[in-house]
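What you are looking at is a predicted structure, and each value in this text was computed from that prediction instead of being measured. Chain letters run A, B, ... following the sequence lines, proteins first, then strands; residues in each count from 1.
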Number of protein chains: 2
Amino acid sequence: MARHPAFDVLLESCPSRTSLARIANKWTAMVVIVLSDGRRRFGDLRAEVEGISGKVLTETLRDLERDGLVERHVYAEMPPRVEYELTALGRTLHVPLQALGR
Amino acid sequence: MARHPAFDVLLESCPSRTSLARIANKWTAMVVIVLSDGRRRFGDLRAEVEGISGKVLTETLRDLERDGLVERHVYAEMPPRVEYELTALGRTLHVPLQALGR
DNA sequence: CAGTATCCTATCGGATACTG
DNA sequence: CAGTATCCGATAGGATACTG
């Protein structure tokens, strides 16, 4: 069943399927795109990604954090401030995502 | 509420949100990646995109076709043969998708 | 072979209310 | 402000059976 080696990489030893699956939801790409413009507070992120609910934004950010694409910065202030920032890995998504949006 | 103009494009006049939404499902990206290697018959596509069901592959291809990313070639033979091929527009997705998969 | 037609369930994501 | 907790409906997508 030998095909093109380049595609065996994509289809069989599938870390790339995982990263594609990461994009395969309604909001992740948008969040990454906004964050690629720079560090953002939770509330600002929520405002800029128009339509996203708080719950889903939290989930999205937690997933991105777990995958090492986003870093979370918590400031022990009152009122609380939390900022999110793309990691170096997260930043590698910027160009392809920008390109997908034309 | 003025932000970076580049992002206003992405977030407000949102044809790019549409194209991101197109990728935001479980299989579309995979299908496009395989097709970017060349024209494929329905059955071959189904075999190469491991795990996809016939129903969902059909749906995915219909959507891509409607959006002008894929062209459908029907051969009046017995047994029937149908091939799918990326359009020029569809091919523009290859590089960014490949990049997303690292 | 390349699909439809059904049916069915898991999950995704929205709304709302509440908290440190 | 930045979340959690809860509930809940829609729908994406899987399994199976059937057809031209």
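- Across every non-hydrogen atom of B/Val32 and B/Gly90, the tightest pair is CG1-O, 4.3 Å.
- Note on A/Tyr75: nothing from the nucleic acid sits closer than 4.0 angstrom, heavy atoms only.
- The partner of C/dA10 is D/dT11, by the rule that a Watson-Crick or G-U pair needs both atom distances under 3.5 Å.
- Following rounding to the nearest Å, A/Asp44 (CG) and D/dA2 (C1') show an atom-to-atom distance of 12 Å.
- A/Gly43 comes within contact range of the sugar-phosphate backbone alone, with a heavy-atom separation under 4.0 Å but no base atom that close.
- Residues B/Met78 and A/Arg81 each lie close to DNA chain D; by heavy-atom proximity, the contact nearer the 5' end of the strand is made by A/Arg81.
- Looking at the side chain of B/Arg41, the nearest of the listed nucleotides D/dC1, C/dA2, C/dG3 is C/dA2.
- When heavy atoms are screened at a 4.0 angstrom cut-off, B/Lys55 is found touching base atoms of the nucleic acid.
- Atom CG in A/Asn25 sits roughly 15 Å away from atom C1' in D/dT11 (whole-Å rounding).
- Look at CG on B/Asp63: it is 13 Å from C1' on D/dG13, rounded to the nearest Å.
- Nucleic acid contact class of B/Arg46 (heavy atoms, under 4.0 Å, all strands): none.
- D/dT4 and C/dA17 make up a base pair, with Watson-Crick or G-U wobble contacts both under 3.5 Å.
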